[in-house]
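Computation of the quantities below employed the complete heavy-atom set of this structure, encompassing side-chain atoms and omitting hydrogens, waters and symmetry-equivalent molecules. Below, chains carry the letters A, B, ... as their sequence lines are ordered, and counting in each starts from 1.
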Amino acid sequence: MRLTRYFLPVLKENPAEAQIVSHRLMLRAGMIRQASAGIYSWLPLGFKVLRNLENIVHEEQIRAGHIPMLMPTLQSADLWRESGRYDAYGPEMLRITDRHGRDMLYGPTNEELITDIFRNSVRSYKDLPLTLYHIQWKFRDEIRPRFGVMRGREFYMKDGYNFDIDRDSAIHAYNRHMVSYLRTYERMGLKAIPMRADSGPIGGDDTHEFLVLADTGESEVFYDSAILDLKLGERAIDYDDRAQCAAIREEWTTPYARTDETHDEALFHQQVPEERRRSSRAIEVGQIFYFGTKYSEPMKATVVNDKGEHVPVHMGSHGIGVSRLVGALIEAFHDDRGIIWPESVTPFRVGIVNLKQGDSAADAACESLYRELTAAGLEPLYDDREERAGAKFATMDLIGLPWRITVGPRGLKAGVVELTSRKTGQSEELKPADAIARLGELYSGL
RNA sequence: CGGGCUAUAGCGCAGUCUGGUAGCGCGUUCGUCUGGGGGACGAGAGGUCGCAGGUUCGAAUCCUGCUAGCCCGACCA
């Protein structure tokens, strides 16, 4: 993409309403604009990041054997009356009446709808296990939206629902989700810690939240620093292997890690030596639940088991806040000049800065780099504006592309361009072809 | 929902107390010079002063009502 043909309305000054760094940077980098309280338009740059995150989530869900679908944002109140949550959910649920006077709602979550779909189509235990998910906009009419997309009223969320014949099988689904979530966050470059949590209005017995440590987080957390060393890395995972998934859950949930809701100071001291005790702020980016037959019983979602008996299915639900993750990533990866995207989620893989627009050698070198990077799938953003070097650098630093190729007459005389890491600020001078090859290596596997 | 605050050009703000030609910085447009970290000079464009009503010869400014947004708290992916 050429910057002169893109839509990137960056701001030099901080908008007054933005208090925390991710909100400020998303506004300044032209990623979002507020439409009303807690509701945002996603401008092209922000939309690209959102899509990248969504793709990672899809890939990891599908890898775990979960099946994508799409449910509507608007739902009928009838199903919610059936589960008893129409009244229980309270004013946080946005209620709407259609022209016929029917009660509708903008879905804050989808347990009822998915359970309805399931019970109308699945009859036999032979169709289980089944995990369906979708990524869809949700609306929760928060009392006080804030922090930009981290705490919006409208938000984009992956929510999935597993249906299993018995508790053991549903617990495997729970463990499998934990593993796939760990992998998802790891791919985004994030360290997300599963913590024992409260189940809240969704209800259930077993639940973990995934938290990313950040000073601006809304939750207070307590954990054993040893958990920070855990990594899935490249290990082969068989999502059908119950023992392996259970072992990974064990590995990640053995070290003490709890939110303030479930924190037990005495237990914390008993289990964790003082030098490894940590407390911090953190951002919740996902949660998994096992809730057994809480919805299947009232909504009569049953299957026939191998003995010919009708039994309610065991369910769980699992969510990843995709739009919130954009904010969480920025909270985790930024400096005083702007955002620093991990390679796996960056909106463009490399920025090309032409230091002297209009200089025939510089222009030609940039055009050729632009063509070749594009052809190599290394999606570049070419700053071809008539701006001075400083302004171009400032823009690149702000929007946070991990790599930058700087092209100027001075270097071109020696036949080199400069490849710079946004993260470290370190540069190396390379021939253009070598810079492209180097970027190919840096992005291999992504 | 309790407490605090804000609303004036795309963004950041002054002007409101004490009513009288709507301003500044950044951005933006055109031109010239510049050219390796938000450059300089010159010339422009851009505003129903959140909305409605009232007081007044005259309202961004005073009065009344409303709306929207932000911050702290309780609540939440």
* **Under the side-chain contact (heavy atoms from CB on, under 4.5 Å) test, residues paired with I143(A) that sit two or more places apart** => none
* Any N/O donor-acceptor pair, R146(A) side-chain to C72(B) base, under 3.5 Å -> no
* **Contacts of type ring pair (Phe, Tyr, Trp, His ring centres under 6.0 Å), residue F139(A), not counting sequence neighbours** => Y106(A)
Output a table of nitrogen or oxygen pairs between the protein and nucleotides 1-3 of chain B separated by less than 3.5 Å.
none

* Asked: Could you run down nucleotides 43-51 of chain B 5' to 3' and tag each one B, S or - for protein heavy-atom contact under 4.0 Å?
  -> ---------
* **Y181(A): partners by ring pair (Phe, Tyr, Trp, His ring centres under 6.0 Å), with sequence neighbours left out** => F210(A)
Which pairs of donor and acceptor atoms, one on a side chain in residues 398-417 of chain A, lie under 3.5 Å apart (sequence neighbours left out)?
from    : atom 1 : to      : atom 2 : distance (Å)
W403(A) : NE1    : E343(A) : OE2    : 2.7
R404(A) : NE     : T406(A) : OG1    : 3.0

* Asked: Quick one: the side chain of E418(A) and the base of G36(B), do they pair up donor-acceptor inside 3.5 Å?
  -> yes
* To do: Could you check whether G286(A) gets within reach of a base, just the sugar-phosphate, or nothing at all, counting any heavy atom under 4.0 Å?
  => sugar-phosphate
* Contacts of type side-chain contact (heavy atoms from CB on, under 4.5 Å), residue D116(A), not counting sequence neighbours -> L79(A), R119(A), N120(A)
* **Residues forming a side-chain contact (heavy atoms from CB on, under 4.5 Å) with K423(A), sequence neighbours excluded** => I340(A), S421(A)
* Asked: When we call it a touch if two heavy atoms are under 4.0 Å apart, what does A389(A) touch: a base, just sugar-phosphate, or nothing?
  -> sugar-phosphate
* To do: Would you mind checking if R183(A) and E186(A) are paired as a salt bridge, meaning a charged N to carboxylate O distance below 4.0 Å?
  => no
Could you go through nucleotides 22-32 of chain B and list every protein N or O atom that sits under 3.5 Å from one of its N or O atoms, giving the distance for each pair?
from   : atom 1 : to     : atom 2 : distance (Å)
G25(B) : N2     : E13(A) : OE1    : 2.6
C26(B) : O3'    : K12(A) : NZ     : 3.3
G27(B) : OP1    : K12(A) : NZ     : 3.3

* To do: Could you work out the separation of A22(B) and A59(B) based on their P atoms and round it to a whole Å?
  => 12 Å
Atom pairs, protein N/O to nucleotides 67-69 of chain B N/O, distance under 3.5 Å:
from   : atom 1 : to     : atom 2 : distance (Å)
G69(B) : OP1    : A37(A) : N      : 2.7
G69(B) : O3'    : Q34(A) : NE2    : 3.2

* Residue-level proximity of residues 320-344 of chain A to RNA chain B when a heavy atom falls under 4.0 Å -> R324(A), R337(A)
* Give G152(A) one of three labels, base, sugar-phosphate or nothing, depending on what nucleic acid heavy atoms sit under 4.0 Å from its own. => base
* How is D159(A) classified with respect to the nucleic acid when contacts are heavy atoms under 4.0 Å: base, sugar-phosphate, or nothing? -> nothing
* Asked: Which pairs with one or both residues in residues 5-19 of chain A pass side-chain hydrogen bond (donor to acceptor under 3.5 Å, both in side chains), sequence neighbours excluded?
  -> none
* Choose from G38(B), G37(B), G12(B) the nucleotide whose nearest atom is closest to any side-chain atom of A394(A). => G38(B)
